[in-house]
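When a ligand or atom number is given, it counts from 1 through the structure's own listing order. Just so we're clear, the structure is a prediction, and the values are computed from it rather than from any experiment.
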Amino acid sequence: MQPIRTTCAYCGVGCGITAMPTGPRSVQIKGDEAHPANGGRLCSKGTHLGETVGLTGRLLHPMIGKRRASWDKALDLVAKRFRETIDRHGPDSVAFYVSGQLLTEDYYVANKLMKGFIGSANIDTNSRLCMSSAVAGHNRAFGEDVVPATYTDLEEADLIVLVGSNTAWCHPIVYQRIQAARAARGAKLVVIDPRRTETCEDADLHLPVKPGTDVALMNGLLAWCDQAGVIDPAFMAHHVNAPEGFWEHIRAGHDLWSTAKTCDLAPALLQQFYELFAAAPRTVTLFSQGINQSIRGTDQVNAIINVHLATGRIGKPGAAPFSITGQPNAMGGREVGGLASTLAAHMDFAPDNVERVGRFWAAPRMAAKPGLKAVDLFRAMGEGRIKALWVMATNPAVSLPDAGRVREALESCPFVVVSDVIADTDTSAYADVRLPAAGWGEKDGTVTNSDRTISRQRPFLTLPGEARPDWWIVKEVARRMGWRNAFAYERPADIWREHARLTAYQNDGARLLNLRSQAIIGNDAYETMEPFRWGGAPFADGRFPTPDGKARLVMVKQMDVQAPLHDWPMTLNTGRYRDQWHTMTRTGLSPKLARHREEPLVEIHPHDAQALGLEEGDLARVSTPQGDSLFRAALSEGQRPGEIFTPIHWTDQISTGGRTGLLPRPLTDPHSGQPGFKSTPARVERQMTEWKGFLILRGTEPVRVPCLWATRVTVPDGALYEVAGHGDPARLDACLPKGDRVEAIDVTRGTRRVAIISDGQLAGVLFVTRSGILPPRDWLIGQLQAQEVGASVLAARGPGNQPDKGATICVCFDIGLNQIVAAIREQSLVDIPAIGKALGAGTNCGSCRPALANILAQTMRETLHAAE
Ligand SMILES: Nc1nc2c(c(=O)[nH]1)N[C@H]1C(S)=C(S)[C@@H](COP(=O)(O)OP(=O)(O)OC[C@H]3O[C@@H](n4cnc5c(=O)[nH]c(N)nc54)[C@H](O)[C@@H]3O)O[C@H]1N2
Ligand SMILES: Nc1nc2c(c(=O)[nH]1)N[C@H]1C(S)=C(S)[C@@H](COP(=O)(O)OP(=O)(O)OC[C@H]3O[C@@H](n4cnc5c(=O)[nH]c(N)nc54)[C@H](O)[C@@H]3O)O[C@H]1N2
Ligand code: SF4
Ligand SMILES: [Mo]
């Protein structure tokens, strides 16, 4: 059997993968050396994709309520309820909420159905939460949503600036390409992020900017460039328009000192950055959620683009502003026009566009104006204005801001359909109909990555149960709603060709997105399609897709940043962990990926923690006006005082606390509608509990643990639950399976250890203590795989002395923090390759190398101190 060439399921880097099936539901994954995005490399998430293709938790049949239904019944019901709702309340009473995790073909069909046939533009996507400020910024500056950079620019740049991007964790292969370019040609790296993330570890400069002040920082940079004579007058004269008063605005009040004050940075540090930028005509400024997810996101995007336009750092090798995308097909979604604010194929709702697209689709009822954006859409639902909703490939009950309100809206909506690969998600709990979608490895179509490279996702597994591809599900509903001919697709290639034809339709060059050559490809050519980039090197000729061909500077002003409030003195920032993907429906299935961060942490500066009486490992309650949730406290000098950080990944399915989605406020950017996820007034308190403990259970069936704090961690052959709570911990016994029971009790410390053994094998353990210390979990977890265990498991350690490995750093080789520190000390290791040689850590996917750099630096510092 030949390996199948496909594309990674996760981030917008869009790495190529070769997949070699090794059984009906197993596969060996390798990086595709021929793919232009990764050249064979994969990060920890891509490397461990094989651990997520099993059937655990899969939705395998259509469900109406709690009942299994046939496809015919389920599809008829969806079509009937949408049709009835539209007939009674009009097309704007229904909505689709879709996702950058759909393939381009799926997306195209959903967009066409809503905007051309139902006749409403109420189709929005989770890209609203992700990229919409970049889209709005591109449209304002360039006249079209075109990302003007490619990954090769990173290799040709002399300076790479990462603004609001934790690239080492979220776009690891881009980060590795940046590091390789630095090694090869000495490019400098600057990171602008309020937190000191692992991305900063090896940077030349880290600016711990005050959140929400990036406009001031970029305007200050432009003022510096103006003073230093770095503005490109020829490029400005021929290719860029500036609004009236633009330069007066930049020249007034953006001197180094006042900018440093606004951004809460040392002037000397800021000056170093400005000097680096001024000296490097080949600069790439890469940005993501620290810029986009702000109530000033669009202005922040334009502040960055302004600097690049005015200094001519665009349209040339190694010089561009680079909005890096989050999801595997965020870009494909933008190309088909799946946002409520765009129409299709990079056309907006201008009347001639509506007419053109209507003609192309032979549409009976074209949407003539933009629809509701995500946050407004769910608000409208809460107010009873949206009466039927179809959610595809996203989990809004977790990922929208103020998710408590979102749940109320879902609850109140008369008809909710959810298409997902997983049976039980926080969102599907509200579904009237659940439709089983094909997942990664089964799906067939195309995705577009951050640098406009279109690649194929190809299936290498058979569809399990009755799962069907998303495009098929949507077209079946469309056909049942009465539009048989317009949705007569038999295969993804049919849709691809239609999409390509639309991008080329009456396109006289006004739209750069033009896939004309794809419009006529045969099915075989579609099958064998090689990755290719559309748009070539945009703006290389200095022409922009605006009416006069010139780009536009946008006058953007730094708004005041809200001062801390009395009751909500902290600022909550939210984001991602290296080895988890969003709401963990898939990465949560991988025991290896689970190890990097087993619990949701609230990172807090040690001074703030001290003032709150919080110690490392305590439970902490984070509250905002929207809601509250629990997290494990992690003290970090990398946080700015007054600011805390929590991860977005934990849900009701895997925890009783740690739900970040409840906390952010639903405020949005006025231009893009993107929520300001990175900054919410908050409060932190220590949460006392009477006891703490853990449960280890064999099997994959999730268990609800009845206590204040419980988080589930997937381990080989089972799950680990960290637990804590009040009252009598004996109620946790109900979570234990049947079998022979052995038990040990230490009354003075209030410790109880229970093990259940069934047929000689360990079926479960429960350890709880009121004041004692809990043993490391690793050895006990390993006992799930032991053939014969006895009462001695209660000792929680085997014969001989096994030191605690500590938190897992390298997931590929399962190497823990304590092992790394010991090796550095004992073998006097001085660099990352030496650690690799000694332990293997960091030599496979490389995702842990920034962490290794950090551990190395810290251990060497400590060793020095000890010697002094
Ligand atoms: N491991 C992993 N990788 C992923 C994902 C995942 O879930 N897990 N998701 C993918 C998706 S969809 C996306 S959108 C991307 C997101 O990728 P990133 O944008 O890199 O990730 P985030 O952690 O959301 O936020 C980035 C950084 O913005 C910083 N920030 C916050 N406020 C400000 C500010 O005011 N100014 C500046 N300059 N910075 C600020 C935060 O401190 C944070 O470190 O990741 C993609 N890749
Ligand atoms: N506080 C806070 N909130 C945030 C963010 C933040 O930084 N802070 N970031 C935001 C961003 S950038 C993003 S992108 C969102 C992501 O948030 P979501 O999109 O809600 O997160 P996912 O877990 O990726 O949800 C995808 C769902 O689709 C299912 N799925 C996977 N593949 C398929 C498929 O092929 N077909 C179908 N039908 N279903 C599939 C998965 O099982 C899962 O349930 O979160 C946003 N929310
Ligand atoms: S960087 Fe990692 S998660 Fe992103 S596409 Fe590549 S392998 Fe997948
Ligand atoms: Mo995203």
K.L.:
Looking only at heavy atoms, is any part of H649 under 4.0 Å from ligand 1, and if so is it the side chain, the backbone, or both, or is it neither?
P.N.:
side chain

K.L.:
Does ligand 1 come near enough to K210 that some N or O of the ligand is less than 3.5 Å from an N or O of the residue?
P.N.:
no

K.L.:
Where's the contact between Y577 and ligand 1, heavy-atom distance under 4.0 Å: side chain, backbone, both or neither?
P.N.:
backbone

K.L.:
Any nitrogen or oxygen of W169, main chain or side chain, under 3.5 Å from a nitrogen or oxygen of ligand 1?
P.N.:
yes

K.L.:
Side chain to side chain donor-acceptor pair (under 3.5 Å) between T167 and S165: does it pass, once the steps are laid out?
P.N.:
CA-CA 5 Å; T167 325; S165 167; 2.8 Å; yes

K.L.:
Counting both backbone and side chain atoms, is some N or O of D470 under 3.5 Å from an N or O of ligand 2?
P.N.:
yes

K.L.:
Based purely on interatomic distance, does Q289 place a nitrogen or oxygen under 3.5 Å from a nitrogen or oxygen of ligand 2?
P.N.:
no

K.L.:
Polar contacts were defined as any N/O atom of the residue lying under 3.5 Å from an N/O atom of the ligand; does this apply to D579 and ligand 1?
P.N.:
no

K.L.:
Should T574 be counted as touching ligand 1, given the test is an N or O pair under 3.5 Å?
P.N.:
no

K.L.:
Can you check whether P194 has an N/O within less than 3.5 Å of an N/O in ligand 1?
P.N.:
no

K.L.:
Is it the side chain, the backbone, both or neither of C130 that has a heavy atom closer than 4.0 Å to ligand 1?
P.N.:
side chain

K.L.:
For ligand 1 and N573, I'd like to know whether there is a polar contact (N/O to N/O, distance under 3.5 Å).
P.N.:
yes

